[in-house]
Amino acid sequence: MIRIKTFGIMPRYFNLLFLFLFISCVSNKNKLAENNYFNENYFYNDSLKVGIDFDKNIQFREVSLDKKKKFKQLLKSNKLSSKDLFLVADSKENGIEMCFFYQNVQPLSVNSYSAKIVVSDTVNNIFFFEKQKGKRKVSGMVKTNSSKNNNSSTFVTYLLNKINIDSLNTRKMSFPAIFINNFPNVHPNPFYASKKLATAPLKSEGENDAKFQFLSTVNSFMSNNKTYDSLIVGYEKQRNEKFNSLIVDLSSKEDVYKDNAVFDKLSVIAKENRVIMLNEDHYYPKHRLFAMELLETLKVNGYNYLSLEGFNISEENELTPNYHNGLYTSEPYFSHFIRKAIALGFTVLGHENFDKGIEREIGQAKNILKILKKDPNAKIFVYVGHNHIEKANSEKKRMAEYFKELSGINPITINQTAICADTKQELILVPRVYLNDTTKIKSSADYFLVNNLKPSLKIIYPNVIFKKTIIKDAKFSDYKNKEVLVEIVDFKEFDLMTNLAIPIQSFLMIPIRKEINFELPVGKYHVFVKTDDNKTIYEDDIIVN
């Protein structure tokens, strides 16, 4: 129950205090705020175990207080210190200013709970409230603008109910929720999203958990990236140890194919089959690079359709990859894969199932089948993630198995996610016959690919001259010991789609004095430089000649 208590002498005190809080701030950040974390409008402090589910349009401000003696006395009269302040926020649109204090106090009982509005000054629209659970106590002060907010008391009661002590709203604070909120589908900043995921006050659940998957995915969008490298090294370590000796032994087999011989073998397979399915790990640009290099081999053997998981045909421009095509296709090397497919004359389609009334795997299979029904002579390259290529799975029937049943076509499946091995060769293709031992591998794929390609822009533009390029800006000197994200966008695509255009390259770099230098093919580009706190500190067109 909320108890309301009004004191006639309080309005002047609160006017002075709010003047102090919201006008007289200085840069002495409070220690209690060090663990403040914001996921859009949801606030959580893990050390205090306090969460607040704010409404939309909230701005979080620097947490600081002036140290003037006259204000110290005012805080002391309410048993609050400037050291107790942990959060300052406002909503200019609604004319609301808020600040919150935290204290550990003596509880009335172990599980005691109370929530009360202590001051309700409706004349000056100033409110003071307290919420306590056990020894944890949150005090809050709210000042509202009556011309913008006609129901101040209701808002304060609503806000009081939105404060949670010793509990976390997992719907608002989870790795998927953080990723969705901080990686929008229009010109996202993966550097910022990475920081938000890495610093989230959430515990990892184990190897290859949600945190790893989202962190690996978002960091795969940026090259020259130590965070990504460390994540992938750990991810591959156990599988390298498991498969290194086996792959070395198999390399001497005549029907185990290496490097260019991989494409020769797949050319024979493509000539004799109508559907080839290749999978990927969603955080491996090198998997997209292999798929891109395979396109020419498939094209000369009559393949004319590329069907992608998670791909949306956008209304903006169907012939140019853009952020509205989907999450995975927003990675630079995936967009290069799509660009080359379009240039070679492939019809690029998506087979993702968006019908909630149909199970995802069978929905995907039916969408691929639509291509064959529309074009009986179609030859289709199907590109998917992980287990969708399985034609026999004891745990769950997958897309490839459904497709085989529905179409009567036995697709050739290639798995490039199951095996990691340290090899001198960039590519090794192993037939299924050598991997029938299910203790080593569970996939039912027809072939397994060891992929050690190293993504490089020079592979994408093999016959183009690269030149050193320098961009200069005074702001770069503020980041002389800190990485920034550099995004290079083809000027023609940027001119066509502006912020929907996907960079041809994104990389991390530490500026040298006021300069950032890199190599690019001769041409015209639009360049962005961004920070991990989501600021764009540079944007301009450049010409490399």
For a quick test of reading the model, state the closest non-hydrogen atom pair linking V256 to S251 and the distance between them.
CG1-CA, 4.5 Å
Dump the intermediate steps for salt bridge (Lys or Arg N to Asp or Glu O under 4.0 Å) on K454 and E426, then the final yes or no.
CA-CA 8 Å; K454 292 178 174 56; E426 290 185 319; 6.0 Å; no
Whether K131 side chain and I163 backbone form a donor-acceptor pair below 3.5 Å
yes
Can you tell if the side chain of V382 reaches within under 4.5 Å of the side chain of I368, non-hydrogen atoms only?
yes
K391 with E401: basic N within carboxylate O range, under 4.0 Å
no
Any donor and acceptor pair, going by atom type alone, linking the side chain of S167 with main-chain N or O of N164 inside 3.5 Å?
no
Ring of Y434, cation from K253 - is the NZ or CZ under 6.0 Å from the centre and inside 45° of the axis?
no
Can you confirm whether N325 sits close enough to F334 that some side-chain heavy atom of one is under 4.5 Å from a side-chain heavy atom of the other?
no
Would M277 and M399 count as a side chain to side chain contact (heavy atoms under 4.5 Å, CB included) if you check the C-alpha gap in whole Å, the side-chain angles of each, and the deciding distance to 0.1 Å?
CA-CA 10 Å; M277 296 184 177; M399 177 275 291; 3.7 Å; yes
I'd like to check F518 versus I488 (side-chain heavy atoms, cut-off strictly below 4.5 Å). Are they in contact?
yes
Between E519 and K458, does any NZ, NE, NH1 or NH2 come within less than 4.0 Å of an OD or OE carboxylate oxygen?
yes
Checking the side chain of N367 only, and the main-chain atoms of G363 only, is there a donor and an acceptor separated by less than 3.5 Å?
yes
Going by atom types alone, do T227 and N219 pair a side-chain donor with an acceptor below 3.5 Å?
no
Hey, does the side chain of S267 reach the backbone of F263 with a donor-acceptor pair shorter than 3.5 angstrom?
no
Compute the centroid of each ring, for Y333 and then for H287, and state whether the two points are separated by less than 6.0 Å.
no
Can you find a pair of side-chain heavy atoms, one from L266 and one from I414, that are under 4.5 Å apart?
yes
Does R239 count as lying over the ring of Y235, i.e. NZ or CZ under 6.0 Å from the six-ring centre, within 45 degrees of the axis?
yes
Counting distance only, does the side-chain N/O of T297 pair as donor-acceptor with the main-chain N or O of E293 below 3.5 Å?
no
Side chains of Y447 and V430, heavy atoms from C-beta outward: is any pair under 4.5 Å?
no
Are side-chain N/O atoms of S443 and E390 paired as donor and acceptor at under 3.5 Å?
yes
Yes or no on side chain to side chain contact (heavy atoms under 4.5 Å, CB included) for T531 and F191, after CA distance, side-chain angles and deciding distance?
CA-CA 7 Å; T531 67; F191 198 24; 5.6 Å; no
Using only heavy-atom distances, determine whether the side chains of Q364 and E352 contain a donor-acceptor pair under 3.5 Å.
yes
Closest non-hydrogen contact found for L278 with A291 is CD2-CB, 3.9 Å
Go through the steps to decide whether Q425 and Y257 satisfy the test side chain to side chain contact (heavy atoms under 4.5 Å, CB included), and finish with yes or no.
CA-CA 10 Å; Q425 298 83 11; Y257 308 91; over 6 Å; no
Could you verify whether a donor N or O on one side chain and an acceptor N or O on the other, from H351 and E309, lie under 3.5 Å apart?
no
Are D255 and K265 within salt-bridge range, i.e. N to O under 4.0 Å?
no
Parallel under 30°, tilted from 30 to 60°, perpendicular over 60°: which one fits the rings of H386 and H282?
perpendicular
Within 45° of the axis and under 6.0 Å from the centre of the six-membered ring of F175, does NZ or CZ of K211 qualify?
no
Could you check whether the rings of F214 and F179 sit parallel, tilted or perpendicular, using 30° and 60° as the cut-offs?
tilted
Any luck finding a side-chain donor-acceptor pair between D446 and T413 under 3.5 Å?
yes
Is it true that D46 and N35 share a donor-acceptor pair across their side chains at a distance under 3.5 Å?
no
Test: K286 cationic atom under 6.0 Å from Y284 six-membered ring centre, within 45° of axis:
yes
Of all heavy-atom pairs linking L485 and N189, the shortest is CD2-OD1, 3.6 Å
May I ask you to decide if P521's main-chain N or O and Y525's side chain share a donor-acceptor pair within less than 3.5 Å?
yes
Backbone N/O of K172 and side chain of N39: donor-acceptor pair under 3.5 Å:
yes
Note: K524-D490 ion pair, threshold 4.0 Å (strictly below)
no
Taking only residues two or more places apart in sequence or in another chain, which ones pass ring-ring contact (aromatic ring centres under 6.0 Å, His included) with F381?
none
Side-chain (N301) to main-chain (A270) donor-acceptor, under 3.5 angstrom:
no
Heavy-atom donor-acceptor pair, K530 side chain to V486 backbone, under 3.5 Å
no
Exercise: do Q416 and N451 side chains pair donor with acceptor under 3.5 Å:
yes
Would you confirm whether D259, through its side chain, and L427, through its main-chain N or O, come within 3.5 Å as a donor-acceptor pair?
yes
Shortest non-hydrogen contact from S506 to P332?
OG-CG, 4.1 Å
Between E359 and K397 (salt bridge meaning N to carboxylate O under 4.0 Å), is one present in this structure?
no
Under 30°, 30 to 60°, or over 60°: which ring-plane class applies to F528 and F494, parallel, tilted or perpendicular?
perpendicular
Counting heavy atoms not belonging to D533, are there more than 12 under 6.0 Å from its CG?
yes
When every non-hydrogen atom of I380 is compared with those of S307, the smallest separation belongs to CG2-CB, 4.2 Å
Taking atom NZ of K196 as the centre, does the number of heavy atoms from other residues, nucleotides or ligands within less than 6.0 Å exceed 12?
yes
Does the ring centre of Y37 sit less than 6.0 Å away from the ring centre of Y44?
no
Could you walk me through whether E483 and M509 satisfy the side chain to side chain contact (heavy atoms under 4.5 Å, CB included) test, starting with their C-alpha distance in whole Å, then the side-chain angles of each, then the deciding distance to 0.1 Å, before giving a yes or no?
CA-CA 5 Å; E483 288 182 320; M509 179 72 67; over 6 Å; no
Kindly say whether the aromatic ring centers of F491 and H526 come within a distance under 6.0 Å.
no
For C420 and E236 the tightest heavy-atom approach is SG-CG, 3.8 Å
Kindly state whether the ring of F337 and the ring of Y383 have centres lying under 6.0 angstrom apart.
yes
